[in-house]
2 protein chains.
Amino acid sequence: MSELRLNLITREWVIIATDRARRPDEFAAQRRKQKPPDAAGCPFCPGGEELTPDEIMRIEGEEGWQLRVVPNKFATLSGDGSHEQYRDGRNHSMDGYGRHEVVIETPRHDCYIAHMQQDEVIRLLRAYKTRFDILYQDADIEHVIIFKNHGEAAGTSLQHPHSQIIALPMTPMQVCDRLDAYRRYADEHGECLMCATLADELAAACRIVLESEYFVTFIPYAALSPFHIWIFPRRHSVSFGDISGDELRDLARHMQHVLAKLYAGLDNPSFNYVIRSESPRASATEYFHWYISLVPRLSQPAGFELGSGMYINASIPEESAEFLRHVEV
Amino acid sequence: MSELRLNLITREWVIIATDRARRPDEFAAQRRKQKPPDAAGCPFCPGGEELTPDEIMRIEGEEGWQLRVVPNKFATLSGDGSHEQYRDGRNHSMDGYGRHEVVIETPRHDCYIAHMQQDEVIRLLRAYKTRFDILYQDADIEHVIIFKNHGEAAGTSLQHPHSQIIALPMTPMQVCDRLDAYRRYADEHGECLMCATLADELAAACRIVLESEYFVTFIPYAALSPFHIWIFPRRHSVSFGDISGDELRDLARHMQHVLAKLYAGLDNPSFNYVIRSESPRASATEYFHWYISLVPRLSQPAGFELGSGMYINASIPEESAEFLRHVEV
C-alpha cells in the first residue's frame, strides 16, 4: 500500500509509492538501465497476457482482442486500505487508496494513434469514457486522470501504445486552486473562462490548428512550451463523461489529426496528453469546461521553472500553429 | 525583446523567448543535436572570454579570474523595453524586461561544487548575494531567482560549472499563491510555516541529512521526487539577501557536503537547485522564510504530474535520508 503525504510548503499531495519504491542505492544504477523490451518480450502484445495483472476490460475483434484494460503492474494506488486521513502534528497523510490502470490501446506493438484507423481511435476514446464513468461510481474516488506518456522523454520506456488512468481519493490542490480562480472569473464576468478563451481563439484564428463541428484544436496564446496544444469541446460541459457519440467521433478525428501532424512535422516527438475534466457528479458545472492538454516534450523544465512555476517557451505560438496547419497528413 | 504572456487557464506567466525562438522546423532536428563543447571550445573556460557577452562582474585571483558573471548569451529577458503591461481583451502581456545572467563558478572546466575548495563555494555564494542585492536595487525588478542546472537531465548541455540568475518584472503567480497560503497559516497558527516545519523535522530527526549552527539540510516529509532536498536557515529571515557572513560560510559547507554526497552516492546525478527567497524589500517578513530546494533529476514527471500538479515519488524519504547520512565524503 502506498501512502499519500501532503507537502504543506509546496501545497500539493505526493504519492509515496511504497510498493514500487526503489532502494536508495538503486537510483545510482538506474541510468545504466536495460533497453525496453522489443515486441518479442512485450507484456502488452498478444501472447503476453499472462505478464499483466488480471484484465479489467477487453474489447474483442474478429482476430482476438483489440483493446485491453489491466491494473498497472506497478500501481501507485490500489483498492486496498481505507481512505481515512491521518494527522501527526502538521504531517498529514492518507492510505494510497485508488486505482491505477493501463489501457493497452491496440494489439499492434508499433501502431501509434497517429497511424491507427479512425475506428481504433474511437474505440480507445470509448474505453476511456467507460472506465472514467465506472471509476467515478466509487463514491470514495474524487478525481480521475486519464493520460498518455509517449516516448522516453515523456516518461515511458514501453513502446507498445498504452494510456494510463489514475483514480484519486482526493482532488489535487492544483485542480482546487484553479477551480477557485475559474469561479471567481465567472462571478466577475458572467461567463466560463474556457468558453471565453475559445471565443477569443476562434476570433484571433492565428493559433488554430483544426476546427470542426464539435471541437477546436489550438496552440494557447501563452503556450507553456513549444507546440503545447489544447483541444477544447465547443459545447460547455464540465465533464468528459458527458461527451456524446457524435462528439466522441469528432474528438477521435482531432486526436489522430494532431498526433499525425506532430509525428510527421516533428519526427515522432515524445509527448504527454491529459484529459482535464471534473467528475460527472461535479457541482462546478457553470464555470469549468473540460479539455485535453497535449504537451510534446521538446524542452526540459529546469531550475527556473522549478523555482518560479513559470515557463520559458523558445517558440512563438502563432508560428507553431501555422507550421502545424501546413503539415500534410 | 522577448514577451511575457499570462496564461489565464493554467494561471501562470510564460516567457515567450522571441529572441531565442527556434523556427518550428528546428524542433524536429534538435534531437540530433551536436555534442556539448569539450574544454577546448568551452565559452566559460579561460581563453573563451570573447565568446561571452560583456562581463558584469569578475573576481580575480593570483592566476587570473576565479569567477565571472556575464549576461546569458541567449537571454530570455533584457534591460531594453518598458515594463508596461498590455491588454488586448483577455490577452495580457508585458515586454520581456528583466535580467538573465550566468555565473561562471570557476575557471576549471570540470570542477563541480562537490569537489571545490571550501573557499570557492563561499566565493560562489558571495557572488550570488552580490548580484541578488544589486538586481533588487532596480525598482522595476520584482523577483529574482538564483538557480543551477547540472547535467543534461536537468536541462543543460554545458558541462562547465555555472549557475544562472533571472530577474523578473513581476512576481510569479505560484510565488504569490504560496505566500497567500503562508500568510493564512501564520494568521491561524501564530507562527511561520517554515519555522514550524523546521522544528518538526528536527524533532523527528529521521529525515535530517546534516544539521549545524545555522542551517539544517533534510529530505522533506512529502518529498516531491527521489532525494528532493531542502536546506533551511535556522534563523527566520524572509530574504537570502539578509544572510550573515557566518551563515554564508555555514551554507557553503551544507551545499558542498550534500552535493558531494549526491555525487558519490548516486553517481553524479543531474540536479537543479534554486534559492526560494523574497525580495530584501519584502513586506512578508513575518510569514515567509527563505530556503534552498535541491532536486536530483532521477525521475521524469509525466502525464499524471502534468494533469494534476501532484507527484509520484518512488522512494521513501526516511530511507533516502538515512542513505545520504551514510555516504562518506
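So that the names make sense, note that chain A is the first sequence line, chain B the second, and so on, each numbered from 1.
Applying the side chain to side chain contact (heavy atoms under 4.5 Å, CB included) test between B:F304 and each of A:T76, A:L168, A:I146 identifies A:L168 as the sole match.
Between A:A314 and B:A17, the shortest heavy-atom distance links the atoms CA-CB, 4.3 Å. Contact detail for A:R11 and B:A181: the closest heavy-atom pair is NE-CB, 3.1 Å.
Not counting sequence neighbours, the partners of B:F240 by the ring-ring contact (aromatic ring centres under 6.0 Å, His included) test are B:F132, B:W290.
Note that CG of B:D177 is 12.0 Å distant from CE of A:M173, once rounded to the nearest 0.5 Å. Atom CZ of A:R276 sits about 8.5 Å away from atom OG1 of B:T10, to the nearest 0.5 Å. To the nearest 0.5 Å, atom OG of residue B:S308 and atom CE of residue A:M170 are 9.5 Å apart. A distance of 10.0 Å separates CE in B:M194 from CG in A:L8, rounded to the nearest 0.5 Å. Atom CD1 of B:I145 is separated from atom CD of A:E305 by 9.5 Å, given to the nearest 0.5 angstrom. Separating the CD1 atom in B:I312 from the OG atom in A:S2 is a distance of 9.0 Å, to the nearest 0.5 Å.
For A:N149, the part lying under 4.5 angstrom from a heavy atom of chain B is the side chain only. Heavy-atom distances place no part of A:F271 under 4.5 Å from chain B, backbone and side chain included. Residue B:E3 touches chain A through its side chain alone, counting heavy-atom pairs closer than 4.5 Å. If you measure heavy-atom distances from B:H92 to chain A, the contacts under 4.5 Å come from the backbone alone. For B:I166, the part sitting under 4.5 Å from any heavy atom of chain A is the side chain, from C-beta outward, and nothing else. Heavy-atom distances place the backbone of A:A223, and not its side chain, under 4.5 Å from chain B. Contact annotation for B:S225: neither backbone nor side-chain heavy atoms come within less than 4.5 Å of a heavy atom of chain A. The part of B:L4 that comes within reach of chain A is its side chain, from C-beta onward, which places non-hydrogen atoms under 4.5 angstrom from that chain.
Among B:P226, B:A222, B:P301, B:S315, the residue making the largest number of heavy-atom pairs under 4.5 Å with chain A is B:A222. Taking chain B as the reference chain and counting heavy-atom pairs below 4.5 Å, the highest number among A:I316, A:D200, A:V175 is found for A:D200. The residue among A:G155, A:G303, A:S163 with the most heavy atom pairs within less than 4.5 Å of chain B is A:G303. Interface remark: of the candidates A:G89, A:G265, A:P172, A:P172 forms the most heavy-atom pairs closer than 4.5 Å to chain B. The candidate from A:V327, A:T197, A:L306 with the greatest count of non-hydrogen atom pairs under 4.5 Å with chain B is A:L306. Between chain B and the options A:L6, A:I9, A:V274, heavy-atom pairs under 4.5 Å are most frequent for A:I9. Of the listed residues B:S320, B:A153, B:S293, the one with more heavy-atom pairs under 4.5 angstrom with chain A than any other is B:A153.
A:L224 has its side chain within reach of B:N7: a pair of non-hydrogen atoms, C-beta onward, lies under 4.5 Å apart. The shortest distance between side-chain heavy atoms of B:R5 and A:P220 does not fall below 4.5 Å. Using a 4.5 Å heavy-atom threshold, the side chains of B:N313 and A:I15 count as separate. Looking at heavy atoms from C-beta onward, A:Y221 lies in side-chain contact with B:S93 at the 4.5 angstrom threshold.
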For A:Q300 and B:E152: C-alpha separation, side-chain torsions, deciding distance, then whether side-chain contact (heavy atoms from CB on, under 4.5 Å) applies. CA-CA 9 Å; A:Q300 182 72 288; B:E152 283 212 47; over 6 Å; no
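A donor-acceptor contact closer than 3.5 angstrom links the side chains of B:Y185 and A:R90.
Between the side chain of B:Q174 and the main chain of A:M310, no donor-acceptor pair closer than 3.5 Å is present.
Salt bridge B:E12/A:R178: absent, no basic N to carboxylate O contact under 4.0 Å.
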